[in-house]
There are 2 protein chains.
Amino acid sequence: MPPAPGDREARREDVSQAVWEVLADRGFGGLTLRAVATSMGVSTGMLMHYFPTKRALVAHALHLLETRTAQRPRRERPTEGIAALRAMLLDILPLTPGDTARNRIWVSSWDLALADDGLGAEQADRYTRLRASISPHLEAARAAGELPESADPEQLAATAVAFTHGLVVQALFDPARFTEAVQIAMLDDFLASISDRSGQGR
Amino acid sequence: MPPAPGDREARREDVSQAVWEVLADRGFGGLTLRAVATSMGVSTGMLMHYFPTKRALVAHALHLLETRTAQRPRRERPTEGIAALRAMLLDILPLTPGDTARNRIWVSSWDLALADDGLGAEQADRYTRLRASISPHLEAARAAGELPESADPEQLAATAVAFTHGLVVQALFDPARFTEAVQIAMLDDFLASISDRSGQGR
DNA sequence: CCTTACATACCGAACGCTTGTTACGTACCC
DNA sequence: GGGTACGTAACAAGCGTTCGGTATGTAAGG
């Protein structure tokens with residue numbers, strides 16, 4: 001293999017992927033440079049060649065995970081309003097192995113984020129952006145008569161995020177109970193209850 | 001100080017409380033025996049005198065936290081049905097410093113629990129018990145006409161838990177935005193939306 | 001009532017191990 | 001030959017855990 005420069009950023013992404021793998025099945029408590037290195041069959045010296053410190057390595061992996069999450073292939077966003085919100089939340093739920101791994105990593109990162117002010121602020125910003133990307137759809141839904149006039153789109157966005165992430169956590173710990181069908185049924189019932197008029201039963 | 005035996009379990013609880021303190025502001029990543037020891041002004045040898053291993057120490061602290069959580073003073077459970085559910089969920093939300101610390105510790109523990117099968121199963125059981133303690137109230141609510149006939153109490157219990165814990169996480173990371181008033185308003189609107197007929201606006 | 005024996009409660013220092021990080025050496029390509 | 005891309009080996013620091021020692025109490029014996 002040539003030491004051809006230019007694919008340096010590609011190597012850094014390879015390393016980040018190895019970080020994700022370790023993170024997804026050992027958590028932050030089990031994340032060591034040696035575990036990452038052996039996971040990709042290299043030495044720890046190689047890791048330090050691409051990242052100055054472990055903290056930088058983790059930070060890059062998390063930022064890249066966030067970018068990849070934003071750019072990942074998603075299901076169609078068919079319409080505006082509640083249907084669009086439904087598609088967004090479906091893309092968050094751990095319905096595929098990839099989404100499960102992603103969610104596991106984020107949930108695990110909360111331990112660090114709660115203890116570190118900088119990471120905690122970043123997490124808070126992520127939530128703010130997520131809510132901000134949701135509330136326009138709720139505004140459109142209200143304008144289209146899908147929501148009561150009295151509904152507050154921003155608060156409802158926070159509620160939708162709360163429901164979704166709370167469901168994510170339960171599903172991660174008990175995937176047998178929270179099958180894909182159960183998660184979708186819960187989401188649909190939740191959206192129906194939020195909506196102006198519901199057919200609550202499924 | 002006398003080596004009077006008999007208050008041995010009391011000492012173990014003292015240690016567990018020190019564990020909680022370290023956990024609440026450094027997380028599991030910052031939980032070391034030395035940190036616990038200096039937090040209570042003793043030596044690490046003393047810790048090992050009461051617990052054979054760190055794992056046992058943590059396990060006892062978490063079990064005790066669960067017990068204390070179950071037995072903590074709670075607000076009145078006024079009636080049956082939705083009002084009772086409201087009181088239960090209010091007791092979970094991080095509205096007091098004590099509840100905030102408790103929630104921080106549980107959220108932090110998810111990193112460990114997701115990586116350790118035994119702890120993961122315990123967490124899943126906790127969720128199952130929580131849902132089981134909620135669904136009777138939802139059954140009563142349905143019988144009393146507070147919920148649509150088509151509502152599924154068990155699924156609705158999972159939805160209520162999801163909403164509540166998702167709100168907990170957001171509130172932990174952004175307490176300035178999720179004040180007590182905001183959390184209560186969100187909870188009330190959520191309960192109104194799942195109820196049979198709502199006055200959605202507060 | 002004093003003494004001896006013994007278990008408990010704890011401290012302080014040390015052990016072995018793992019951690020993140022650094023230094024040095026080697027192979028490779030331009 | 002010089003810079004890039006590693007591997008290997010070592011480093012100091014921090015970790016959980018162990019060990020010996022020192023009080024302090026209870027219990028027994030004469």
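By convention in this document, chain letters (A, B, ...) are assigned in the order of the sequence lines, proteins followed by strands, and residues within each chain are numbered from 1.
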For a quick test of your reading: what N or O donor-acceptor pairs under 3.5 Å do the side chains of residues 18-30 of chain B make, sequence neighbours left out?
| unit_1 | atom_1 | unit_2 | atom_2 | d |
| --- | --- | --- | --- | --- |
| W20(B) | NE1 | A61(B) | O | 3.0 |

task = Please list, chain by chain and in numerical order, all residues satisfying salt bridge (charged side-chain N to carboxylate O under 4.0 Å, His left out) with R131(B), sequence neighbours excluded.
result = none

Set of salt bridge (charged side-chain N to carboxylate O under 4.0 Å, His left out) partners for R102(A), sequence neighbours left out = D99(A)

[X] vs [N]: side-chain N/O to OP1/OP2 distance below 4.0 Å:
X	N	value
H49(A)	dA5(D)	yes
R11(B)	dT8(C)	no
R8(B)	dA9(C)	yes
Y50(A)	dC6(D)	yes

remark   = Expected string for nucleotides 19-26 of chain C under the B/S/- scheme (protein heavy atoms, under 4.0 Å, primed atoms plus P, OP1, OP2 as sugar-phosphate) is BBBB----

Length of the [atom1]-[atom2] vector between [X] and [N], whole Å:
X	N	atom1	atom2	result
D7(B)	dG25(D)	CG	C1'	12 Å
F28(B)	dG16(D)	CZ	P	13 Å
M40(A)	dA5(D)	CE	P	14 Å
L47(B)	dT8(C)	CG	P	19 Å

request  = Measure the NE2-OH distance between H165(A) and Y127(A) for me, rounded to the nearest 0.5 Å.
outcome  = 4.5 Å

message = Using 0.5 Å steps for rounding, measure from the CG atom of D174(B) to the CZ atom of R126(A).
response = 13.0 Å

task = Specify the residues of residues 13-23 of chain B, ordered by number, for which at least one heavy atom lies under 4.0 angstrom from an atom of DNA chain D.
result = none

task = Go through the structure and list residues passing side-chain contact (heavy atoms from CB on, under 4.5 Å) with S133(A), not counting sequence neighbours.
result = M88(A), L130(A)

For R12(A), all residues meeting side-chain contact (heavy atoms from CB on, under 4.5 Å), sequence neighbours excluded = E9(A), Y50(A), F51(A), H60(A)

Using atom types as modelled, flag every donor-acceptor pair under 3.5 Å from a side chain in residues 153-163 of chain B to any protein atom, sequence neighbours excluded.
| unit_1 | atom_1 | unit_2 | atom_2 | d |
| --- | --- | --- | --- | --- |
| Q155(B) | NE2 | D189(A) | OD2 | 2.7 |
| T159(B) | OG1 | Q155(B) | O | 3.1 |

ask   = Quick one: side chain to side chain donor-acceptor pair (under 3.5 Å) partners of T53(B), sequence neighbours excluded?
value = none

